[in-house]
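Position 1 is the first residue of the sequence; numbering continues from there.
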Amino acid sequence: MPLHISRTRRAVAASAGLATAVALALLPGTASAASAASAGAGSVAPKAAATAGPELSYIVNVRPGQGNSARVQRAVAQAGGSVLQAYDRIGVLVVHSANADFAKTIRKVRGVDSAGATRTAPLPAQSTTDVGSPKHLTAEDLKAASAKAAPGEDPLEPLQWDLKAIKADKAHEKTLGSSKVTVGVIDTGVDDTHPDIAPNFDRAKSVSCITGKPDTTDGAWRPFTTGGSPHGTHVAGEIAGAKNGVGITGVAPGVKVAAIKVSTQGGSFFYTEAVVCGFVWAAEHHIDVTNNSYYTDPWYFNCKNDPDQKALVEAITRASKYAESKGTVNVAAAGNENYDFAADSITDPASPNDTTPGSRVIDPSECLDIPTQLPGVVTVASTGAKGIKSSFSNYGLGVIDIAAPGGDSTAYQPPQAPATSGLILGPVPGGTWAYMAGTSMATPHVVGVAALLKSTHPHASAFQIKALLALQADRTPCTTPYDIDGDGKADAVCQGGKFYNGFYGAGITNALNAVK
């Protein structure tokens, strides 16, 4: 049976991401940002008696066109809240409050568009989009791989079947990418001391956003020293691992990579306030492409008929659109549940994941996996070493924009020798390497190709880079029947044709095409 371990995101009823971009590829404009006006308020919150509760974080979205947010901030104080950070350019406030009725109270204030708690309780969870635990390379593995490396290859490159699958090895003969291009890894933090990452790391554009407020303290962007997650470091290496005679090679080994840490201890939570901070940081620090291999906690799907969840969708939509308006291409993983995002309904068994999850049936066109299903975000499905949809990868016609290698069970999709594992090899904290798999690992391949495209077309807008991503992909028809475990039963049903379908979107990304 397919592996269903992790989650992901993206909700657009029809694929407006890359499909629309292809049709309009020659237009010079970029997607417009959500209104950056931060609204004032003609009234303030009523001074009702506050109901004591745990201190939680809230998002308050100020209605566009109301002037600055000063009045709303005064109302926040009267409702028992304190503003941690005001993102006035997108009209989003990050607020802390111990008033259990805070959201209900502040929603009544004139000038407030929506407001909601970003969490239900501060308990551990897991929302990255990798599958299982990292499988570390042994000293024997390192020695054996190095002995098979061809001239010009990094020592572990023989194990990287994924590079050959997207012709990245051939692309590197033409270019490694430009050091003027910077990729932002919005994730669990990056170990910039790793020998595969240090040569390309951009400290000036790195930050911790875990509270919703940027922290530029030196090293704040690194994984936590205790219980830290390897996820962000692995992703960063897949994108921009240096071609320096050490370890692995990234898809775009000549570009810069910055860490934008948005998860709590151990990579447990990716809360809305942190994700908003990450996108705004990318927008205002000239990040060319962001990698988003996570879904936003605590809801796998955020339903717009729920006032809290509606506010979270609105805030991240505003932030991601703002980043795109500044030239950033936002790329996100599709998730690992083998969900069909084009289905009429999906059973979500794991929300909210920071208290006791309940099971609910949702409509994926109304309840969105964010940032995956947000408009303008490029959504990535995963393929294995045989070039077909990974057993775990989410899919769906009108949602998936493009596909890339993210690995799969070696039993389902074994690679060709000298590679031995069907998973994706990358760096992990502490100067070592490990295999991981998931749409988390597929997304960096597309991000790396987008960085190569930006290197080749330095003046292209975000909209044009998205169009080029679709145009360079290898057209891949539906896999029919799709029986990944060979038990005689279809494990997923693909809709669409050769040029666009629910498994592979516009096709499998191709790095060589990107640099021609």
Please round to the nearest 0.5 Å and tell me the distance separating atom [atom1] of [X] and atom [atom2] of [Y].
X      : Y      : atom1 : atom2 : answer
Leu312 : Thr272 : CG    : OG1   : 4.0 Å
Phe279 : Ile186 : CZ    : CD1   : 4.5 Å
Glu273 : Thr118 : CD    : OG1   : 3.5 Å
Asp485 : Asp491 : CG    : CG    : 4.0 Å
Tyr295 : Asn302 : OH    : CG    : 10.0 Å
Asn336 : Ser390 : CG    : OG    : 8.5 Å

Side-chain ([X]) to main-chain ([Y]) donor-acceptor, under 3.5 angstrom:
X      : Y      : value
His172 : Lys167 : no
Asn200 : Ala240 : yes
Asn510 : Gln472 : no
Asp187 : Thr233 : no
Trp221 : Cys209 : no
Asn394 : Glu337 : yes
Ser455 : Ser178 : yes

Heavy-atom pair of closest approach, residues [X] and [Y]:
X      : Y      : value
Ser293 : Val235 : OG-CG2, 4.4 Å
Lys389 : Ile484 : O-CD1, 4.2 Å
Thr182 : Ala258 : CG2-CB, 4.1 Å
Val181 : Asp288 : CA-OD2, 3.3 Å
Lys489 : Asp483 : O-OD1, 3.0 Å
Val446 : Ile402 : CG2-CG2, 3.8 Å

Exercise. Can you list every salt bridge (charged side-chain N to carboxylate O under 4.0 Å, His left out) pair that touches residues 498-511, not counting sequence neighbours?
Worked result: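 Residue pairs with at least one partner in residues 498-511: there are none.
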Problem set entry | Inter- and intrachain pairs under salt bridge (charged side-chain N to carboxylate O under 4.0 Å, His left out), touching residues 224-243, at least two apart |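 Listed by first then second residue: Glu157-Lys243.
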Give me the one residue out of [options] that meets side-chain hydrogen bond (donor to acceptor under 3.5 Å, both in side chains) with [X].
X      : options                : answer
Tyr504 : Thr509, Thr383, Thr479 : Thr479
Thr120 : Asp354, Asn353, Asp297 : Asp354
Arg222 : Thr188, Asp191, Asp192 : Asp192

Exercise. With a cut-off of 6.0 Å (strictly less than), are more than 12 heavy atoms of other residues, nucleotides or ligands near NZ of Lys310?
Worked result: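 Not more than 12 within 6.0 Å, no.
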Problem set entry | Lys170, NZ atom: more than 12 neighbouring heavy atoms under 6.0 Å |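 Not more than 12 within 6.0 Å, no.
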So [Y] and [X], do their side chains get closer than 4.5 Å, heavy atoms only?
X      : Y      : value
Val183 : Asp202 : no
Ile346 : Phe341 : yes
Pro429 : Pro223 : yes
Phe301 : Ser351 : no
Val276 : Ile316 : yes
Val190 : Val257 : no
Glu324 : Lys466 : yes

Which residues pass the side-chain contact (heavy atoms from CB on, under 4.5 Å) test with [X], not counting sequence neighbours?
X      : value
Ser345 : Val361
Thr456 : Val515
Cys303 : Asn305, Gln309, Arg360, Ile362, Cys367
Ala149 : Glu153, Pro158

For this session: Given side chain to side chain contact (heavy atoms under 4.5 Å, CB included), test Thr296 with Tyr271 step by step and report yes or no.
Result: CA-CA 6 Å; Thr296 306; Tyr271 282 127; 5.9 Å; no
For this session: Dump the intermediate steps for side chain to side chain contact (heavy atoms under 4.5 Å, CB included) on Gln413 and Thr410, then the final yes or no.
Result: CA-CA 5 Å; Gln413 299 196 60; Thr410 307; over 6 Å; no
Would you please name every residue forming a ring-ring contact (aromatic ring centres under 6.0 Å, His included) with [X], sequence neighbours left out?
X      : result
Trp161 : none
Tyr395 : Phe503
His194 : Trp433

Output side-chain donor-acceptor pairs under 3.5 Å for residues 415-424, partner residues at least two apart or in another chain, one line each.
{"residue": "Ser421", "atom": "OG", "partner": "Leu423", "partner atom": "N", "Å": "3.1"}

With a 3.5 Å cut-off and sequence neighbours excluded, list the donor-acceptor pairs that the side chains of residues 447-454 form with protein atoms.
{"residue": "Lys454", "atom": "NZ", "partner": "Pro458", "partner atom": "O", "Å": "3.2"}
{"residue": "Lys454", "atom": "NZ", "partner": "Ala460", "partner atom": "O", "Å": "2.6"}

Problem set entry | Verdict with supporting geometry, Ser391 and Asp408, side chain to side chain donor-acceptor pair (under 3.5 Å) | CA-CA 7 Å; Ser391 57; Asp408 202 352; 2.7 Å; yes
For this session: Walk me through it: do Asn244 and Asp154 pass the test side chain to side chain contact (heavy atoms under 4.5 Å, CB included)?
Result: CA-CA 7 Å; Asn244 59 351; Asp154 277 346; 4.1 Å; yes
For this session: Using the side chain to side chain contact (heavy atoms under 4.5 Å, CB included) rule, take Phe392 and Asn338 through it: C-alpha gap first, then chi angles, then the decisive distance, then the call.
Result: CA-CA 5 Å; Phe392 50 77; Asn338 197 29; 5.9 Å; no
For this session: Check the side chains of Ser440 and His231 for a donor-acceptor pair under 3.5 angstrom, ignoring hydrogens and angles.
Result: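 His231 vs Ser440: donor-acceptor pair found between side chains.
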Exercise. Quick one: side-chain hydrogen bond (donor to acceptor under 3.5 Å, both in side chains) partners of Asp363, sequence neighbours excluded?
Worked result: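 Per chain and number, Asp363 pairs via side-chain hydrogen bond (donor to acceptor under 3.5 Å, both in side chains) with Ser365.
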